[in-house]
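Quick notes on the structure that follows.
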Amino acid sequence: MAWSQDEERMLAQIEQHLVDDDPRLVARLESFNERARRREEKVKAKAAGQGGGGRRPRRSTIIILISWLLIATLVATLLVMVLRHEAAALALAASF
């Protein structure tokens, strides 16, 4: 859907007022737009070169997996310690 000339003129005026009023905001928006453009180009290049596959897991996903592995190891270790303690107690009680 195309914008009318009046809408385009009003948008240009709003843009000019924002540029005049807050140059830091303009710099931030330009920086964001540049980063977004670079990310889109990177995704397009990756899709063209690899067929869109081969995504690496995020760092947070790896951290979560390692955390779960450590928790499971800790639970298993505690369970083994409790079972050994009970087995030793039963063996000691049986010897009396």
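Residue numbers start at 1 and run along the sequence shown.
Taken to the nearest 0.5 Å, the CG atom of Leu83 stands 11.0 Å off from the CG atom of Leu78. To the nearest 0.5 Å, atoms CD1 (Ile71) and CG (Leu74) are separated by 8.0 Å.
Hydrophobic clustering (ILVMFWY, side-chain heavy atoms < 4.5 Å, transitive): Leu70 and Ile62 are in one cluster.
Checked by atom type and distance alone, the side chain of Ser67 pairs as donor or acceptor with a backbone atom of Ile63 at under 3.5 Å.
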Sequence neighbours left out, cut at 3.5 Å: what donor-acceptor pairs do the side chains of residues 12-23 make with other protein atoms?
| unit_1 | atom_1 | unit_2 | atom_2 | d |
| --- | --- | --- | --- | --- |
| Gln16 | NE2 | Asp20 | OD1 | 3.1 |
| Asp22 | OD1 | Arg24 | N | 3.4 |
| Asp22 | OD1 | Leu25 | N | 3.3 |

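Residues Asp6 and Arg9 meet the side-chain proximity criterion, which asks for heavy atoms closer than 4.5 Å.
Annotation: side-chain hydrogen bond (donor to acceptor under 3.5 Å, both in side chains) contacts of Arg37 (sequence neighbours excluded): Glu34, Glu41.
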